Amino acid sequence: MVTHSSKWTIATLGSHSALQILKGAQDEGFKTLAICKKGTEKVYKQFGVADKIITVNDYMDLLKIQDKLIKDNVIIIPHASFIAYMGPSNVEKLKIPYFGTKKILEHESDRNKEKKWLEGAGCVMPLIFDKPEDIDRPVIVKFHGAGGGKGYFLARDTADFKVKIKRHSGKKYTIQEYILGVHMYAHYFHSPLTGETEILGFDKRYESNVDSIGRISARDQMALPEEKVDPSYVIVGNIPVVVRESYLPRFLEMGEDVVTVSKKIAGRGLYGPFCLECVITPEGEIYVFEISARIVAGTNPYIHGSPYSWLRYDEPMSTGRRIAREINNALKDDKLKEVLE
Ligand code: ATP
């Protein structure tokens, strides 16, 4: 076993949070590799985060080149686009050293399993309506496999749902209670080496067109065709947030409990970065509507660290760097198997 970071290469697909992952790996003394789709290499070259770039026609080509990467001591760091492009079943089949618990993927992608997991950890979740006829409050209708909130719509009752769903015939969907409050995405890191769950930051999302509708008056909204003013939730960026300090104990407890339950349902459980996607109501209730069991793009504003990571580490510590630090610590203690699958 090679125990020095410079003998290992940290790799990821060139998208999502790759800049941060690769920069963090370089800062921790690793070599870095970006696996890029033709035409996207320029960015990874320009920012100098990739010591090597491999260009592929399709991200699935990773399956074809993985034997060579294994020989070259490459470790893969997954991000959301990585899982979306490869698909959970291909990710499970990967032989290349991988940072994260693959078994957790099914508990994240299956809404019933996700609900059991999060509610089992004491998280309050929005109600799910099995049938449109049951809708008795405002709901958000989410399509399965939707690319980041595309086409999601709000409905105030069953009749409204029936009119709006006509534009989406044939698609699979979930009807979820719409929680009125502010969105808060909490970023965590669980260390399998120390057993500690850390808060690394918070963000809110910048979504089109829901974040722009408020810029036009109600009178002008009324004048527009319905499909133009119906909110959609297409993510286009992330904005850093600091949460009111009195919420921190609850956020920390939620992160810890989610990890504890994950250990009962998925092998050695959730570790590394994860995110609880929340809405906080005016009454101070924190609803969790989703979990991301890996690095989220909302950590990207914190390449030089967040206020929380600064308090804790007193040195620039992005989530990407925290991943590399964990692998580094594992290498030093000869515990690499504890952080890789
Ligand atoms: P991702 O997988 O990237 O998190 P997604 O496609 O699964 O995205 P969601 O995160 O579930 O989509 O939802 C998209 C957006 O819709 C959220 O950022 C939030 O603005 C809004 N949203 C989702 N669920 C609710 C809810 N129950 N109440 C209020 N707003 C919600």
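Start at 1 and go down the list; that is how both ligands and their atoms are numbered. Keep in mind that what you see is a predicted model, and the values were worked out from it rather than measured.
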Please identify which atoms of ligand 1 are closer than 4.0 Å to at least one heavy atom of E277. 4 (O), 10 (O)
Kindly confirm or rule out an N or O of Y185 lying under 3.5 angstrom from an N or O of ligand 1. yes
Is there any N or O on S292 that sits under 3.5 Å from an N or O of ligand 1? no
Mutual orientation of the aromatic rings belonging to F99 and Y271 [parallel < 30°, tilted 30-60°, perpendicular > 60°]: perpendicular
Would you check the N or O atoms of Y233, main chain and side chain alike, for any that come under 3.5 Å of an N or O of ligand 1? no
Could you check whether any side-chain N or O of K23 sits under 3.5 Å from a backbone N or O of I303, counting only pairs where one atom can act as donor and the other as acceptor? no
List, by chain and number, the other hydrophobic cluster members for V229, where Ile, Leu, Val, Met, Phe, Trp and Tyr join if side-chain heavy atoms come within less than 4.5 Å, directly or indirectly. I216, L224
With no hydrogens and no angle check, is any side-chain donor or acceptor of Y44 less than 3.5 Å from a backbone partner on S15? yes
Which option wins on minimum heavy-atom distance to atom 23 (C) of ligand 1: M125, K142, R205? K142
Taking the ring of H168 and the ring of F153, is the distance between their centroids below 6.0 Å? yes
Could you name the option among K204, R111, H183 that has the heavy atom nearest to atom 19 (C) of ligand 1? H183
Any nitrogen or oxygen of I179, side chain or backbone, less than 3.5 Å from one on ligand 1? yes
Would you mind writing out the side-chain donor-acceptor pairs for residues 283-293 within the sub-3.5 Å range, not counting sequence neighbours?
residue	atom	partner	partner atom	Å
E283	OE1	T281	OG1	3.3
S292	OG	E277	OE2	3.0

Tell me which one of Y152, F143, F289 gets a heavy atom nearest to atom 5 (P) of ligand 1. Y152
Looking at Y247, I'd like to know if the NZ or CZ of R250 sits under 6.0 Å from its six-membered ring centre while staying within 45 degrees of the ring's axis. no
From E207, E108, E177, E290 - option closest to atom 15 (C) of ligand 1 by heavy atom: E207
Check contact between Y287 and ligand 1, using heavy atoms of the residue and a distance below 4.0 angstrom. no
